[in-house]
Amino acid sequence: MKTYPLKQNIEQVYKNYTTEDFTVWKILFERQLHLLQSLAAPEYLEALTKIGFTAYKIPDFKEVNLTLSKTSGWKLEVVEGIINESDFFELLSQKRFPATTWLRKLNELDYLPEPDMFHDVFGHVPLLIEPKFSSFFEEFGKLGVKFKDHTHIVQMLGRIYWFTIEFGLMKNEDELKIYGAGILSSHGESKYSVSDEPSHLAFNAETIMNTEFENDKIQDKYFVINSFEELYLSLIHI
């Protein structure tokens, strides 16, 4: 997948959003929220409310950064698209989350070859204000920086990222709930992920680090945590 160089001082130009952009955001937001009210982890739904996202307004990064600064110290860093692993780890270690500012088109609502703003912002950003999850995210970045020259370890960290931050599930009162951004922002995968169709495996960092995945297909297995505390503590053993 194509990666983009990390450029300095790129900003979200809010006035450039079109009527179609606002329509796309509204459609995606409303249909996902309708699903997620019963499927998402309570922590995500609470964070979504606290961060103030609505269907009627594309998030303004300046406003989002003020909220993040007050709650968790994180900041959105505007990028053109997927950046390389080294830059990605470096940003996370500094509590800076890379986010695109472009939105898919109306004829692309259900599939994109690379993540857009809806995935980055709706999927990832709310949980940046959840203390244990955001601490896990930061420590994950620091590990990436520490081992950035060790290809095998970076590969294993990539698998942890995939099966937790992107496609993680959580057990809540004996029900499966979604917290991974890749599922939270996907209409097609939301119901599927918690159904009886895929495999649901107990969270184990060592197992995950040795589990391969395909990034262009719907998942056939998900790992289930019991809490964000468990997720955070798992980094101690890496």
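Atoms CZ and CG, on F223 and L201 in that order, are 4.5 Å from each other to the nearest 0.5 Å. The line from NE2 of H187 to CD1 of I27 is 11.5 Å long, rounded to the nearest 0.5 Å. In this structure, Y44 OH and L36 CG are separated by 6.0 Å, a value rounded to the nearest 0.5 Å. Here the CG atom belonging to L33 is positioned 11.0 Å from the CG atom belonging to L39, to the nearest 0.5 angstrom. Expressed to the nearest 0.5 Å, how far NZ of K95 lies from OG of S69 amounts to 9.5 Å. One distance of note links CZ of F136 with CD1 of I225; it measures 8.5 Å at 0.5 Å rounding.
Looking only at side-chain heavy atoms (C-beta outward), F97 and L91 stay at 4.5 Å or farther from each other. Side-chain contact check for F140 versus T164: every heavy-atom pair is 4.5 Å or farther apart. Residues K132 and L231 are not in side-chain contact: their nearest non-hydrogen atoms beyond the backbone lie 4.5 Å or more apart. Annotation: side chain of F53 is in contact with side chain of V125 (closest heavy-atom distance under 4.5 Å). Between P42 and N172, the closest side-chain pair of non-hydrogen atoms falls below 4.5 Å. Using a 4.5 Å heavy-atom cutoff, the side chains of S185 and D120 are not in contact. Looking at F167 and S193, their side chains never come closer than 4.5 Å, going by heavy atoms from C-beta outward. Put simply, the side chain of F147 does not reach to within 4.5 Å of the side chain of H152, judged on heavy atoms.
Scored by the ring-ring contact (aromatic ring centres under 6.0 Å, His included) test, Y179 finds F228 as partners (sequence neighbours excluded). E43 pairs by the salt bridge (Lys or Arg N to Asp or Glu O under 4.0 Å) definition with nothing, not counting sequence neighbours. W74 meets the ring-ring contact (aromatic ring centres under 6.0 Å, His included) test with F137; sequence neighbours excluded. Applying the side-chain hydrogen bond (donor to acceptor under 3.5 Å, both in side chains) criterion to H34, with sequence neighbours excluded, gives no partner residue. In this structure, E90 has no salt bridge (Lys or Arg N to Asp or Glu O under 4.0 Å) partners at least two apart in sequence or on a different chain.
In this structure, R104 contributes its side chain and L109 its backbone to a donor-acceptor pair below 3.5 Å. Here the side chain of S195 pairs a donor or acceptor atom with the backbone of Y192 at under 3.5 angstrom. A donor-acceptor distance shorter than 3.5 angstrom exists from the side chain of Q12 to the backbone of F61, with no hydrogens or angles considered. In terms of modelled atom types and a separation under 3.5 Å, the side chain of E166 and the main chain of G182 share a donor-acceptor contact. Looking only at distances, no side-chain donor or acceptor of S134 sits under 3.5 Å from a matching main-chain atom of I129. A distance-only check finds no donor-acceptor pair linking the side chain of Q155 to the backbone of T151 [under 3.5 Å]. At least one donor-acceptor pair under 3.5 Å links the side chain of T49 to the backbone N or O of L45. In this structure, R159 contributes its side chain and M209 its backbone to a donor-acceptor pair below 3.5 Å. Q32 contributes a side-chain N or O that, together with a main-chain N or O of L184, makes up a donor-acceptor pair within less than 3.5 Å.
For F29 and F122, the ring centers are positioned less than 6.0 Å apart.
With respect to K148 and E85, no salt bridge is recorded, no charged nitrogen being found less than 4.0 Å from a carboxylate O. Comment: K217 engages E214 in a salt bridge, judged by a side-chain N to carboxylate O separation of less than 4.0 angstrom. With respect to K171 and E175, no salt bridge is recorded, no charged nitrogen being found less than 4.0 Å from a carboxylate O.
Around CG of N9, the count of heavy atoms belonging to other residues, nucleotides or ligands within 6.0 Å does not exceed 12. Counting heavy-atom neighbours within 6.0 Å of D196 CG, excluding the residue itself, gives a total of 12 or less. The environment of E212 atom CD is sparse: at most 12 non-hydrogen atoms of other residues, nucleotides or ligands sit within 6.0 angstrom. With a 6.0 Å radius and a threshold of 12 heavy atoms from other residues, nucleotides or ligands, E30 has its CD atom above the threshold.
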Might you work through the side-chain contact (heavy atoms from CB on, under 4.5 Å) test for E108 and V24, ending with a clear yes or no? CA-CA 9 Å; E108 302 173 315; V24 166; over 6 Å; no
Kindly determine whether D21 and W102 satisfy side-chain contact (heavy atoms from CB on, under 4.5 Å), including the steps that lead there. CA-CA 8 Å; D21 290 329; W102 60 274; over 6 Å; no
Assess whether side-chain contact (heavy atoms from CB on, under 4.5 Å) is satisfied between V224 and H200, documenting all intermediate values. CA-CA 7 Å; V224 183; H200 298 111; 4.1 Å; yes
Show, in sequence, the C-alpha distance, side-chain angles and deciding distance for D116 and T100, and conclude whether the side-chain hydrogen bond (donor to acceptor under 3.5 Å, both in side chains) test is met. CA-CA 6 Å; D116 71 340; T100 54; 6.0 Å; no
Begin from the C-alpha positions of Y232 and E138 and carry the test side-chain hydrogen bond (donor to acceptor under 3.5 Å, both in side chains) through to its verdict. CA-CA 10 Å; Y232 175 73; E138 180 186 1; over 6 Å; no
Salt bridge (Lys or Arg N to Asp or Glu O under 4.0 Å) between R31 and D110, intermediate numbers included: CA-CA 12 Å; R31 75 175 190 175; D110 294 314; 2.6 Å; yes
Test log, rule ring pair (Phe, Tyr, Trp, His ring centres under 6.0 Å), inputs F88 and Y161: CA-CA 12 Å; F88 183 66; Y161 183 88; 5.4 Å; yes
Let me see the working for V194 and Y222 under side-chain contact (heavy atoms from CB on, under 4.5 Å), right down to the final yes or no. CA-CA 9 Å; V194 297; Y222 301 90; over 6 Å; no
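Transitive grouping of hydrophobic side chains (ILVMFWY, heavy atoms separated by less than 4.5 Å) brings V145 and I165 into a common cluster. In the hydrophobic clustering of ILVMFWY residues, with side-chain heavy atoms under 4.5 Å counting as a link, L28 and L106 come out together.
Sorted by first and then second residue, the side chain to side chain donor-acceptor pair (under 3.5 Å) pairs with a member in residues 58-68 read K57-E63; sequence neighbours excluded.
Taking all atoms of both residues into account, the shortest heavy-atom contact from G168 to I183 is O-CD1, 4.0 Å. Taking each heavy atom of P126 and V121 in turn, the nearest pair found is CD-O, 3.2 Å.
Donor-acceptor pairing under 3.5 Å is lacking for the side chains of N84 and T3. Judged purely by distance below 3.5 Å, without hydrogens or angles, the side chains of E114 and H119 never pair a donor atom with an acceptor atom.
In this pair, F213 and F163 present their aromatic rings perpendicular. The plane angle is above 60°, beyond the 30 to 60° band. Using bins of under 30°, 30° to 60° and over 60° for the plane-to-plane angle, the ring pair F22/Y14 lands in the perpendicular bin.
Each of L143, I83, V154 was evaluated against F89; a single residue qualifies, V154, per the side chain to side chain contact (heavy atoms under 4.5 Å, CB included) test.
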